[in-house]
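One is the number of the first residue; the rest follow in order along the sequence. Whatever order the structure lists them in is the order used to number ligands and atoms, beginning at 1.
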Amino acid sequence: MSTSPEQKVCVYCASSQICASEYHEAAFRLGCILADRGFTTVYGGGAVGSMGALADGVISRSGRIVGVLPKFMQDLEWGHKGLSELQLVEDMRTRKHLMLTESRAVVALPGGSGTLEELLEAITLKRLGLYSNPIILVNTRGYFAPLIELFSSAVHQGFMDERHLSMWQVVSNPDDVPQAIESLTSWPADARKFARL
Ligand code: AMP
């Protein structure tokens, strides 16, 4: 029986099977690291691409991994078969909400529109003071550089505040994720005061 409460880390990542193998390797590695550190990984439940690699990494280290899968994806047999727990939900909205709820941190690996949408929702909720935990971007192959540049531009153009740039932390590889989770200073409780410019 575990003596400490379950620490969930929510991971967003790609379903693509045709991206560079480095992305899948990073996902597998992240799964290993989270398992070794005793975190429960919560992700979208997929079997392929970085999603599948992440789950395989956790499972290879006998860690705990929870998938949150919309029923229509289960019907399409998109779900990973070897998870510790599979939560079936009605729709994408519920899935996103469940993945984030109670998470100790959010980690985004490179991905497509699905990953970016999930990441941007977490960032938006944090800006509004509705989510306050660490958000970590794993910048494999410098993938997130254009997004980070766009956020800088958003600040310069007056769409976001300089303080919003500290809502996330960028690490270059998965090995740095646990330290980023532990070392982040807390997001101010009065974030709403500067949410609107
Ligand atoms: P993307 O980064 O665009 O590949 O999107 C990843 C997200 O898209 C996941 O979190 C899911 O919401 C969804 N998704 C797309 N394809 C799949 C799939 N084959 N299996 C599971 N989830 C998928």
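When heavy-atom distances to ligand 1 are checked against a 4.0 Å cut-off, Cys13 comes that close only through its backbone atoms N, CA, C and O.
Enclosure of atom NZ in Lys193 is not indicated, since only 12 or fewer non-hydrogen atoms of other residues, nucleotides or ligands lie within 6.0 angstrom.
Not a single heavy atom of Lys96 sits under 4.0 Å from any atom of ligand 1.
Placement of Ile135 and Phe144 within a single hydrophobic cluster is found when ILVMFWY residues are connected by side-chain heavy-atom separations under 4.5 Å, directly or transitively. Grouping the Ile, Leu, Val, Met, Phe, Trp and Tyr side chains by contacts below 4.5 angstrom, directly or via other members, places Tyr12 with Val89.
Where the criterion is an N or O separation shorter than 3.5 Å, residue side chain and backbone included, Gly114 meets it with respect to ligand 1. Considering backbone and side-chain atoms alike, Gly112 places an N or O below 3.5 Å from some N or O of ligand 1.
The pair Glu182-Arg104 meets the salt-bridge criterion, with a side-chain N (NZ, NE, NH1 or NH2) lying under 4.0 Å from an Asp/Glu carboxylate O. For Arg163 and Asp161, the salt-bridge test passes: some basic side-chain N is under 4.0 Å from an acidic carboxylate O.
Close approach of ligand 1 to Ala14 is summarised as follows: ligand atoms under 4.0 Å from at least one heavy atom of the residue are 2 (O), 4 (O). Within the listing of ligand 1, atoms 12 (O) sit less than 4.0 angstrom from a heavy atom of Met92. In summary, the atoms of ligand 1 found under 4.0 Å from a heavy atom of Ser113, numbered by their order in the structure, are 3 (O). Those atoms of ligand 1 with a heavy atom of Gly111 less than 4.0 angstrom away are 2 (O). Near Met73, the atoms of ligand 1 lying under 4.0 angstrom from a non-hydrogen atom of the residue are 13 (C), 14 (N), 21 (C), 22 (N), 23 (C).
What sits closest to atom 2 (O) of ligand 1 on the protein, heavy atoms only, is Thr115 OG1, 2.5 Å. Of all protein heavy atoms, the one lying nearest to atom 16 (N) of ligand 1 is Ser15 OG, 3.2 Å. Atom 12 (O) of ligand 1 has its closest protein heavy atom at Arg95 NH1, 2.2 Å. In this structure, the protein non-hydrogen atom closest to atom 10 (O) of ligand 1 is Glu118 OE2, 2.9 Å. Annotation: atom 18 (C) of ligand 1 to nearest protein heavy atom, Trp78 CE3, 3.3 Å.
Looking only at side-chain heavy atoms (C-beta outward), Val177 and Val9 stay at 4.5 Å or farther from each other.
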Yes or no on side chain to side chain contact (heavy atoms under 4.5 Å, CB included) for Leu100 and Ser103, after CA distance, side-chain angles and deciding distance? CA-CA 5 Å; Leu100 200 60; Ser103 74; 4.1 Å; yes
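Ring orientation note: the planes of His164 and Trp187 are tilted relative to one another, at an angle of 30° to 60°.
The distance from atom OG1 of Thr94 to atom NZ of Lys71, rounded to the nearest 0.5 Å, is 9.5 Å.
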